[in-house]
Amino acid sequence: MNILDDDGKIKQLDTLNMLAIEENFADQLAEAQKIGAAADITGIRGRNFAGIAFLGMGGSGFTGDIIKSLLINRSEIPIVVIKGYSLPAYVSRDWLVISLSYSGNTEETLTATEEALKRDCEIIFISSGGSAEKIAQEKRKCIIKIPGGFQPRAASGYLMIPLLVVLNKIGLSSVTEKEIGDAVKLIDVLAKEYNRNIPFKDNPAKQLAAGIGNFLPVIYSFESELSPVAYRWKCQINENSKTPAFFNEFPELNHNETVGWERLKNITKEFVLIYFIDKEAPERINARIKITVELIKYNFADTIEIDIKGKTPIEKVLSTIFLGGIASVYLALLNGVDPTPIDKINTLKTKLAEL
Ligand code: F6R
C-alpha cells in the first residue's frame, strides 16, 4: 500500500495533525470571513490613506504579498510589504500600516511596528496574541484577534481573509465578500479530492507530492497574484517537508535564470521543474512559459505542469495555496518527516532572545 493511503502510518508520523489542519482549510476560511465581518474598524472607516504598508515575516508576512498582489492593479495608492526591521522613510502618518504577526512576538515585525507608532501612522494589528495584542490595547489601536494554537503558516486563512474583508469595508479592496464566499465553496469541493481518504490513484495532491519525491523543486509562476503563491509553495515545502526549494517568476526569469540551466546538469538532474499555467492568462505569457520549458526541461529530472483552478483571482490564489499546502504535507509524510516541527527556526529565535 502507498504510505499516503495508510492512515495509521500518517497518524503516527503527523504528531500534531498538520494534515487535518490543511484538510479543514475551507472551514478556516469560512470562520475567518466571520472574524473579518465582526472586526471593529471604528476610526479607520472613511479615512483617506496615502499608502498601505504590510509589516510581517514568514507565514504572516506572506499575507501581505498576497493581498498586495490582489489589490495592486486597482489601487490608487501605493502598497508595500516590509519584511524586516526598518520602515521606509516614505511611510508617514497618513499611511495605513498593517502589522501582521500570528504569534505577536516576532522581533522584526514589532520593531517596524514601533517605528510606525512613533510616526503616528494608523495601524491595524492582526495576531493571535503576544506583544502585538498588548501594544494594540495600550495604544488603543484596532486589532483583529485570530484563534491561537496553530503554526503561523497553517493559519494563512485566518491571517488573510479578515484583512481582505476589512480592507473591502474601508474601500481599499475590490475583493467582495461574495467572491470570498465562492472561493470557500471551491476549496470545499477540492478538499474532497485532496483528502487522505481519496486513494493515491485518484488524488492529485498525493500525486503532486510523489512527483516531487526526492527531487529538489523549482517552482515557476508568472507576474500576477500567483507569484506570491509560488513563493508560498517554496516556503511550505521548506517548512512542512523540510526540503530545499526555489521559486522564480516569468517574465523576469527569462532575462537571467533561463541561461543558468546550461551547466551543472549532474546536479540539476535531481531537480523537478514545477510551473503554473493559467489558461486565462495572456496568450503571450503562456507561449513564453511553453517555449522556456522546452528550452530547459532536459536539465531537470522531470517537469510538472499545474493547471490553475478557479475563475476569480481570489479563487485562483486560494485553490493554489491549498494544493501546495496539502501536497507539502503529503511530501513530508512520504519521506517519513513530521510536518509540524520547525526546530531550526525555534532554535534561532531562542538564541537571538538570549543575546
Ligand atoms: C512558522 C512560520 C514562520 C513564522 C515566522 C514569523 O509556522 O510559518 O515563517 O510565520 O517566523 O512568526 P509570526 O508569524 O508569529 O510573526
Side-chain angles (χ1 to χ4, degrees), residues 14-22 24-25 28 32 35 53-67 81-87 97-116 123-136 141 143-163 228-247 321-322 324-329 331-332 337-354:
D14 186 11
T15 57
L16 294 158
N17 294 324
M18 186 62 95
L19 183 56
I21 295 170
E22 286 291 341
N24 294 331
F25 191 45
Q28 181 180 137
I35 296 173
F54 291 93
L55 319 181
M57 306 302 297
S60 294
F62 149 80
T63 308
D65 295 329
I66 287 289
I67 298 185
V81 183
I82 312 297
K83 296 184 176 184
Y85 294 90
S86 25
L87 197 64
V97 167
I98 299 181
S99 175
L100 288 147
S101 174
Y102 181 75
S103 63
N105 293 324
T106 298
E107 66 173 53
E108 299 93 318
T109 313
L110 290 175
T111 308
T113 305
E114 288 293 351
E115 182 57 32
I123 304 188
I124 299 177
F125 287 83
I126 180 150
S127 182
S128 67
S131 300
E133 184 181 18
K134 287 196 196 91
I135 297 169
K141 295 289 181 191
I143 174 155
I144 303 174
K145 178 108 192 265
I146 53 177
F150 290 83
Q151 276 291 327
R153 63 186 184 280
S156 62
Y158 287 131
L159 287 156
M160 207 180 346
I161 301 300
L163 273 178
V229 181
Y231 175 63
R232 163 79 174 181
W233 278 38
K234 169 213 141 40
C235 297
Q236 290 286 72
I237 293 170
N238 294 151
E239 291 180 74
N240 287 337
S241 334
K242 281 76 177 167
T243 298
F246 297 95
F247 94 107
I321 288 176
F322 183 44
I326 199 159
S328 70
V329 175
L331 178 61
V337 168
D338 186 346
T340 305
I342 38 166
D343 296 342
K344 286 194 166 58
I345 296 180
N346 293 338
T347 309
L348 174 78
K349 287 185 178 178
T350 313
K351 282 189 185 293
L352 283 173
E354 283 164 7

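One-based numbering, in listed order, for ligands and for the atoms of each.
When the side chain to side chain contact (heavy atoms under 4.5 Å, CB included) test is applied to Ile82, the partners found at least two apart in sequence or on another chain are Leu55, Val80, Pro88. Applying the side chain to side chain contact (heavy atoms under 4.5 Å, CB included) test to Leu16 and every residue at least two apart in sequence or in another chain returns Thr340.
From Ile345, atom CD1 reaches atom OG1 of Thr350 across 11.5 Å, with rounding to the nearest 0.5 Å.
Between Tyr85 and Glu115, the side chains place no donor N or O within less than 3.5 Å of an acceptor N or O (distance only, hydrogens not considered).
Evaluation of the salt bridge (charged side-chain N to carboxylate O under 4.0 Å, His left out) test over residues 54-67, restricted to residues two or more places apart or in two chains, returns Asp65-Lys83.
Protein residues lining ligand 1, listed by chain and number: Met57, Gly58, Gly59, Ser60, Ser101, Tyr102, Ser103, Thr106, Gln151, Pro152, Arg153, Glu239, Ile342, Lys349 [non-hydrogen atoms, distance under 4.0 Å].
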Subject >> side-chain hydrogen bond (donor to acceptor under 3.5 Å, both in side chains) assessment of Thr109 paired with Ser101 >> reply: CA-CA 7 Å; Thr109 313; Ser101 174; 5.1 Å; no

